[in-house]
Amino acid sequence: MGKIFIAAGLALGLSFGVFASDASASSGKAAPSQEWTFDGVFGNFDRAQLKRGYQVYQEVCAACHSLSQIYYRNLSEIGFTEDEVKKIAAEFEVPRGPDDEGETHEDGEQIMRAAKPFDKLVQPYANEQAARAANNGALPPDLSLVTKARKGGANYLHALLTGFADAPEGFKMQDGMSYNVYFPGAQIAMAPPIDDDAVEYADGTKASKDQISRDVAAFLTWTAEPELEDRKRIGIKVLIFLIIFTAMLYAVKRRVWAKLH
Amino acid sequence: MAETASDTHDGPEGEETRRDFLLISTIAVGAAGAAVAAWPFIHMMNPSRDVLALASTEVDLEPIEEGQSITIVWRGKPVFIRKRTAKEIEIAKADDAATMKDPEADGTRVKKPEWLVMIGICTHLGCIPLGQKGSDPKGEFGGWFCPCHGSHYDTSGRIRKGPAPKNLPIPPYTFLDDTNIRIG
Amino acid sequence: MSENTRKFKNPVINWIEYRLPIFSFIDDSVGSNYPSPRNLNYWWNFGSLAGVTLVVMIATGIFLAMNYTPHVDMAFDSVERIMRDVNYGWLMRYVHMNGGTMFFIAVYIHIFRGMYYGSYKEPRELLWIIGIVIFLAMMATAFVGYVLPWGQMSFWGATVITNLFSVIPFFGDSIVQWLWGGFSVDNPTLNRFFSFHFLLPFVIFALVFLHLWALHEHKSNNPTGVEIKGDADVIPFHPYYTAKDAFGLGVFLIFFLGFTFFAPNFFGEPENYIRANPLVTPAEIVPEWYFLPYYAILRAVPDNFIDAWGILPVIITAKEAGVILMFASIIALAFLPWLDSSKVRSAKYRPIYKQLFWVFVADTFVLGYIGAHPAEGHFLLIGRIATAYYFFHLLILLPLLGRFEKTRPLPESISASVTNASSEEGQ
């Protein structure tokens, strides 16, 4: 009974704490608007940019951040051929699963097999606890939906990645934190992840900090909204149809009502 | 009572034709729109992309030795893959002329004579025939034997004796190279 | 019965009609044999729009349910699978998500229209009350539905709202546990919410049927608020209002699908794209926009208010008072037919009420704005004033106004108002 009370009390306290306090939870500086190819009614992804973004994710972000909603097969949607996808997947290993004898481990080691296109992207940590343990207690968030899960979306990501700076005089920083005005509270557990030439682009694009941030933000917009192009393409057709149809309905309505007046 | 309810807005001919044309075309456009709108609902029940991603399976045949069989799962069904011995191939070919319930030449059942790939579900009532392991009974024709009702399959997976009506079916598959096949 | 059977031209229809008089039923309900006031304006479109939206919600919902897994470990991923792998799953889900918003927009306009034109007055009190019950059922459906994607707002919204029931004296804690099926919002909660979310729309559907039944008994109210007096006042529902409703539906769908295709997350909360985590509370818990005014009322009662005024401090706390006020704000609407003492229905002929109506609408918008912000500083103060005004309008102004307001002369009949008002109205 005591436990129930504590649990209920905790939930209550938490929820009402939210109502009462929160003067301190500043939501971070608003990110400036950038130009994106996927903006607007006719916007589309730039495949070359997405491929560069994937490279940035893999070489920089993937050490700490998972992309749990994405399968290797999805990479064919950003311009990799089927063979390239197979090759990319095969660079990673996943648990093989039990064999005919039910064995999953050999000498205490899990038996692995090469990843296949139908596997999800291999995650950097086995579970949340392992992720926190490796990162000073902070949890690197999963990035698959990050542009939908933050106000400002891709603009926010770009601003955050390029927004690291030295803390102003008198700003109290906790140990191991970095100063970033775009992050709520201006202190972020992630060290500045990107510098000029942090990656080397295969297509010869100059890898400035700004470019890298832009590319990875575009890539993560795709991981969050892979349906974006289909959505807009179908949406335009649907709206054109509806506008014509509604105009016809208006004409019918006028004609029907004309008898009355 | 007994009044016609439907002719209240039927006006004289001619005067109404323009409205009728407008009305009919509007209804037609609306009906077309509704029909198109039904498609997402219908298509939603078709296999989704994650299901389709598992619809084909690639198998590496390298580790299979002559006279050995493996069973893999494809679309939830067991697929028997056997590397046949020269003798088995010879028997299968020789039997092409024999009387069979479901006559089929061995040559049409394989892409390469040594590799027999078929769905391991008895065509009688859906049991899994025995014969994959060396210790299994292989039936009177040296292929597979279904323990449920005693159907005997030969070294080409053709039904030779027992209640099953058809040969073991061959799944769609292609050789990607000498030792890799894709089923499905 | 069969003597009353109407004859149709088509013999197949006749054959069916003789055995099951469904065609005359349709004709009497939304057909050429249902007389409607001839002067209904476009505000009268929103009832049918809400009805269509309900059907869209049920249709998309059923197909979403085929792919959704109501389990805390799988719910979030199953929704993402719908968005990514299921054919047109993203479309179905975005239509359903924005459909919720559109349903509330249509219903809120529908309710405000009823208030402006006094549609709740005798003999339509029960029609109005059934409408309020539908509204409550919609709110319940929307609330449990929002929990299903199992994002952060799903989880914390469910936690906050279910905890409201803990204010019930003596049984509060047991009731909350009963709602949860455990000691916090968890798997049993998600499971039962899914079940309720599937059931409630059909309850709403049945209630809508009652709503229409009551409507057809005394027919629609109209912008003049004067009852139908003769044949000159009415026109057949079909083709006049079918054509008008169809056109309205077209405009509504452009608005609805415009958001669905081009700004599908406009009305949503980013936080809900983060998987639910019972150990991390979001910085700010904000309900969906259609609940914001009530959320503002819930938080409006000052903590020290009750002590300072010495009102029953022992049995009622600020939190309890907030919960009571929130429920009262909706229940009060059900009593509108008796709170509003004016004999005149339409605000067109009530010059003071007309202005107070718009003040009231503005007040609900203020409450909505306040509901979206943390309850502190001037937000809290404005929220309190707006809450007080909400009740002041319903409980004080409306009963008094009817006694003192000098109303404008009513037209003789609907047809009389149509003939001399077409220039004055301008719509």
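Every chain is numbered from 1, with letters handed out A, B, ... down the list of sequences. Keep in mind that the numbers below use all heavy atoms, side chains included, and drop hydrogens, waters and symmetry copies.
Residues A:I236 and C:F262 come closest through the heavy atom pair N-CZ, 3.6 Å. Heavy atoms only, all atoms of each residue included: C:I254 and A:T246 are closest at CD1-OG1, 3.7 Å. Residues C:A246 and A:L249 come closest through the heavy atom pair O-CD1, 3.3 Å.
With a 4.5 Å cut-off on non-hydrogen atoms, C:Q152 does not touch chain A at all. For C:I235, the part lying under 4.5 angstrom from a heavy atom of chain A is the side chain only. Contacts between A:V238 and chain C at a heavy-atom distance below 4.5 Å involve the side chain alone, from C-beta outward. Of the two parts of A:A224, only the backbone, made up of N, CA, C and O, holds a non-hydrogen atom closer than 4.5 Å to a non-hydrogen atom of chain C. In this structure, chain A has no heavy atom under 4.5 Å from any part of C:L91. No part of A:F241 comes within reach of chain C, as not one of its non-hydrogen atoms sits under 4.5 angstrom from that chain. For a residue to count as touching a neighbouring chain, one of its non-hydrogen atoms must lie under 4.5 Å from one of that chain's; by this rule C:T260 touches chain A with the backbone only. Only the side chain of A:R73 has a heavy atom closer than 4.5 Å to any heavy atom of chain C. Contacts between C:F256 and chain A at a heavy-atom distance below 4.5 Å are absent for every atom of the residue. At a 4.5 Å heavy-atom cutoff, the contact between A:Y250 and chain C is made by backbone and side-chain atoms alike. Interface remark: C:V251 contributes backbone and side-chain atoms alike to the contact with chain A (heavy atom separation under 4.5 Å).
Within a 6.0 Å sphere centred on OH of A:Y179, heavy atoms belonging to other residues, nucleotides or ligands number more than 12. Annotation: A:F171, atom CZ; neighbour count of heavy atoms from other residues, nucleotides and ligands within 6.0 Å is above 12. By the neighbour-count criterion of 12 heavy atoms within 6.0 Å, atom CG of C:D231 is sparsely surrounded, having that number or fewer from other residues, nucleotides or ligands. In this structure, A:N136 places its CG atom where only 12 or fewer heavy-atom neighbours from other residues, nucleotides or ligands lie under 6.0 Å away. For A:F92, the CZ atom sits in a packed shell: over 12 heavy atoms of surrounding residues, nucleotides or ligands are nearer than 6.0 Å.
Annotation: the span from A:S68 atom OG to C:E80 atom CD amounts to 8.5 Å, rounded to 0.5 Å. The structure places CG of C:D85 at 5.5 Å from OH of A:Y71, a figure rounded to the nearest 0.5 Å. Atom CE of C:M83 sits about 11.0 Å away from atom CD of A:Q69, to the nearest 0.5 Å. Atom CD of residue A:E227 and atom OH of residue C:Y88 lie 13.0 Å apart, to the nearest 0.5 angstrom. Interatomic distance, C:L279 CG to A:L139 CG, rounded to the nearest 0.5 Å: 11.5 Å.
When the heavy atoms of residues 150-159 of chain A are compared with those of chain C, the residues falling under 4.5 Å are A:R150, A:K151, listed by number.
Between A:R254 and C:F247, the closest side-chain pair of non-hydrogen atoms is not below 4.5 Å.
At least one donor-acceptor pair closer than 3.5 Å links the side chain of C:R84 to the backbone N or O of A:T223.
Of the listed residues (A:I70, A:L228, A:L239, A:V146), the one with the most heavy-atom contacts under 4.5 Å to chain C is A:L239. With respect to chain C, the highest number of heavy-atom pairs below 4.5 Å among A:I234, A:L242, A:N74, A:D142 belongs to A:L242. Options C:A243, C:G182, C:G89 differ in how many heavy-atom pairs under 4.5 Å they form with chain A, and the most are formed by C:A243. Annotation: maximal heavy-atom pairing with chain C below 4.5 Å, among A:K253, A:E128, A:R231, occurs at A:R231.
Between A:K120 and C:D77 no salt bridge is recorded (no basic side-chain N to carboxylate O distance below 4.0 Å).
Checked against a 6.0 Å centroid threshold, the rings of C:Y241 and A:W257 count as neighbours.
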- request: Check step by step if side-chain contact (heavy atoms from CB on, under 4.5 Å) holds for A:D230 and C:W90.
  value: CA-CA 10 Å; A:D230 279 346; C:W90 59 267; 4.0 Å; yes
- request: Dump the intermediate steps for side-chain contact (heavy atoms from CB on, under 4.5 Å) on C:R275 and A:L145, then the final yes or no.
  value: CA-CA 10 Å; C:R275 192 188 300 265; A:L145 282 160; over 6 Å; no
